[in-house]
Amino acid sequence: MIRTRFAPSPTGYLHLGGLRTALYTYLFAKKHGGKFILRIEDTDQEREVPGAVELIYQSLRQAGLPYDEGPDVGGDFGPYIQTQRKELYLPLAMKLVDSGAAYPCFCTKEELADRREKAEAQAPGQWKYDKHCLALSKEEAQRRMQSGEPYVIRQNVPLSGTASFEDALYGHVEAPCDTLDDNVLIKADGLPTYNFANVVDDHLMGITHVMRGVEYLSSTPKYNLLYAAFGWEAPTYIHLSPVMKDASRKLSKRYGDPSFEDLLAQGYVRDAVINFIALLGWSPGDEREFFTLAELVDAFDLKGLSKAPAIFNTEKLVWFNHEYISRMALEDYLALATPWFDQVLAGKGMDYRFLAQLMHTRTEVFDRVPDQVRFLAELPEYDTALYTHQKMKTNSDLALQTLLLARPALDALPEDGFTEEAVKAALMGLCEPHQLKTGQVMWPVRIALSGQASTPGGATEIAYLLGKRESLRRVDAGIAKLKQQGEA
RNA sequence: GGCUCCUUGGUCAAGUGGUUAAGACACCGCCCUUUCACGGCGGCUACAGGGGUUCGAAUCCCCUAGGAGUCACCA
């Protein structure tokens, strides 16, 4: 039975790199009929952000990645929050002390800083803990521990040889032991460090495959020393390349890069984000690029993972989002778009359903919608140069002429029969008798109605949305504008 | 600096000794068209560099360069 885990620390919301790790971890488990587990790594109490744990639950739920075991859903391997497992770690660390794979250390931070400074003066950048406390006799160490003196427990890394492990993606990774430090396993506050808690919990929770960021790659060889000392079997490690904002910087909250939550708030749809994220650092090996979660589960394979970092390219996300939006049912679109329409059109009595039809395939990200429809609320200031369009064969003079024709044609329509079809018939009816091409009528009218070079929908749709009165008002404004210009 | 990892077009990427080196986004043309968008067609741009191995290297080996990670009582 395959068991994977996503193990974030509660320091904030779910960033996109974390989301991708969670996704891959979920996909891998589900692909193989296994379990996906959530574990909260909160051993650094100082960094913990209140409410962050709930944020993680919520994000995972919003992302559609349900976990089979976790703090809020239970499971047979709990507790799933590390601080609640506190008592587990020290006894295990003491076993390592007994076997010589670890030892208690009483050096204070000040002493350490002092020795470090001296060592750095000799050989810059070479400092490692000097195994000072390894020399203590068992009896003395025992005595000092029992006297209540603060201590930590350090891993006793051999002075020679190499430590290594097999990464499912990066292959054989090894490091010379003499470059490895005797890291702290149990901190003075009694809580385990990340590395120790990982080893212990992954084993105790029966985790078979660990997916995590490459930043842990270089500390992983040391894990195997621990597993060997315990006599435990190590899980398979799969380190994941980072998601970058550009060639040399990781996507990060600090730099204002969006979180999953932020993207949703901006009007990206969940499935588009998931689809896009899945393809950042992983490829199905064929040319498919649209995947539902279920299809991702089916297609996921470690062979498709990329070792090189991937740059988060918003343009492609926008494209995916646009595709997802275009493909959703009109009803769904209308429901999602309504609050955005309301931002500028609330109370106008606008036919949202009709507007939705126009906007449906023209929406890239919802937060751009208000700007796209704002001209419906109020006619923007515009330049009469807009009336000139080479391909439509129009210019100011001709525009004035057609607006003067369009005005009575529109006015002839009944207020309650001012439909898109009726407007279209009325305007098209002007073409033949006056020897005008369609564009020569439609272009000037649309400009007068919208004041914009490009709009969702054409002249007739906009006229309908605006209604008779407002349409006439805008046509009149256009006529006045053109006349004034003609006189000047 | 030590150790570790990475390197195909602007971006995501396929490719595991023999291909005209896929595809997508973006960009640029053209077509369609009452604007825009959609759609259709076409175009541009890549194996970091240098040595090997081989009949033959994007694919294997070495070196160089560039980038990243790590070297905490943070994860």
Side-chain angles (χ1 to χ4, degrees), chain A residues 7-9 11 41-44 46-47 105 107-109 112 123-128 150-154 167 170-171 173-176 178-181 183-195 197-198 212-221 239 241-242 244 246-250 276 279-289 303-304 306-320 322 326 358-364 372 386 389 391-392 424 427-428 437-447 450 452-462:
Chain A
S9 26
T11 54
E41 311 229 329
D42 59 346
T43 56
D44 184 357
E46 293 188 6
R47 286 211 314 162
C105 168
C107 297
T108 65
K109 288 189 179 174
L112 252 20
Q126 304 290 315
W127 164 262
K128 294 189 331 176
Y151 66 96
V152 301
I153 294 188
R154 289 181 182 275
D167 187 275
Y170 290 90
V173 176
E174 68 173 31
D178 62 7
T179 65
L180 270 22
D181 202 356
N183 285 326
V184 170
L185 267 21
I186 301 286
K187 299 184 277 188
D189 65 5
L191 283 167
T193 55
Y194 168 82
N195 292 299
N198 253 260
R212 32 137 59 162
V214 260
E215 61 268 30
Y216 302 115
L217 189 70
S218 55
S219 54
T220 310
H239 286 89
S241 61
M244 313 287 283
D246 59 35
S248 59
R249 282 176 301 176
K250 218 166 135 176
F276 171 67
L279 263 16
L280 259 192
W282 175 79
S283 159
D286 54 36
E287 288 177 15
R288 284 180 298 165
E289 52 185 352
K303 282 206 288 285
S306 166
K307 293 190 235 186
I311 297 175
F312 182 90
N313 178 215
T314 310
E315 281 173 344
K316 184 98 186 217
L317 205 212
V318 168
W319 178 78
F320 264 114
H322 176 91
S326 300
L358 298 183
M359 291 294 293
H360 190 182
T361 60
R362 282 171 245 249
T363 301
E364 294 185 310
Q372 284 176 282
L386 284 184
H389 190 278
K391 269 185 71 180
M392 293 301 116
K424 187 167 190 171
L427 293 179
M428 290 302 273
K437 302 183 77 99
T438 309
Q440 292 176 309
V441 175
M442 298 301 185
W443 180 273
V445 173
R446 193 179 59 81
I447 295 302
S450 70
Q452 290 181 180
S454 74
T455 52
T460 57
E461 286 96 345
I462 294 169

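Each chain gets a letter, A, B and so on, in the order its sequence line appears, and its residues count up from 1. Any value given below was found using the heavy atoms of this structure, including those in side chains, with hydrogens, waters and symmetry copies removed.
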Protein N or O to nucleotides 25-33 of chain B N or O, pairs below 3.5 Å:
unit_1, atom_1, unit_2, atom_2, d
B:U33, O4, A:Lys391, NZ, 2.5

Pairs: protein N or O with nucleotides 66-72 of chain B N or O, under 3.5 Å:
unit_1, atom_1, unit_2, atom_2, d
B:U70, O4', A:Ser218, OG, 3.4
B:A72, OP2, A:Arg116, NH2, 2.8

Which atom pairs link the protein and nucleotides 37-45 of chain B when you take only N or O atoms and keep those under 3.5 Å?
unit_1, atom_1, unit_2, atom_2, d
B:A37, O2', A:Thr361, O, 3.2

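By the salt bridge (charged side-chain N to carboxylate O under 4.0 Å, His left out) test, A:Lys303 is found to be paired with A:Asp301, residues two or more places apart in sequence or in another chain being considered. Remark: A:His360 pairs with A:Tyr333 by the ring pair (Phe, Tyr, Trp, His ring centres under 6.0 Å) rule, at least two apart or across chains. A:Lys316 pairs by the salt bridge (charged side-chain N to carboxylate O under 4.0 Å, His left out) definition with A:Glu289, not counting sequence neighbours. Applying the salt bridge (charged side-chain N to carboxylate O under 4.0 Å, His left out) criterion to A:Glu364, with sequence neighbours excluded, gives A:Arg368. When the ring pair (Phe, Tyr, Trp, His ring centres under 6.0 Å) test is applied to A:Trp127, no partner is found at least two apart in sequence or on another chain. A:Asn195 is linked by a side chain to side chain donor-acceptor pair (under 3.5 Å) to A:Tyr223, counting only residues two or more places apart in sequence or in another chain. For A:Glu215, the salt bridge (charged side-chain N to carboxylate O under 4.0 Å, His left out) partners at least two apart in sequence or on another chain are A:Lys250. When the ring pair (Phe, Tyr, Trp, His ring centres under 6.0 Å) test is applied to A:Tyr170, no partner is found at least two apart in sequence or on another chain.
Nucleic acid contact for A:Gly213: none, since no nucleic acid atom lies under 4.0 Å from a heavy atom of the residue.
Looking at A:Arg446, its side chain has no donor and acceptor atom pair within 3.5 Å of the base of B:U34.
For the pair A:Thr43 and B:A75, the criterion of a side-chain N or O lying under 4.0 Å from OP1 or OP2 is met.
Secondary-structure stems of RNA chain B, taken as three or more successive Watson-Crick or G-U wobble pairs (i with j, i+1 with j-1) under a 3.5 Å distance threshold, comprise B:1-7 with B:65-71, B:10-12 with B:23-25, B:27-31 with B:39-43, B:48-52 with B:60-64.
Across the interface with RNA chain B, nearest-nucleotide mapping of A:Leu180 and A:Trp443 shows A:Leu180 to be the residue nearer the 5′ end.
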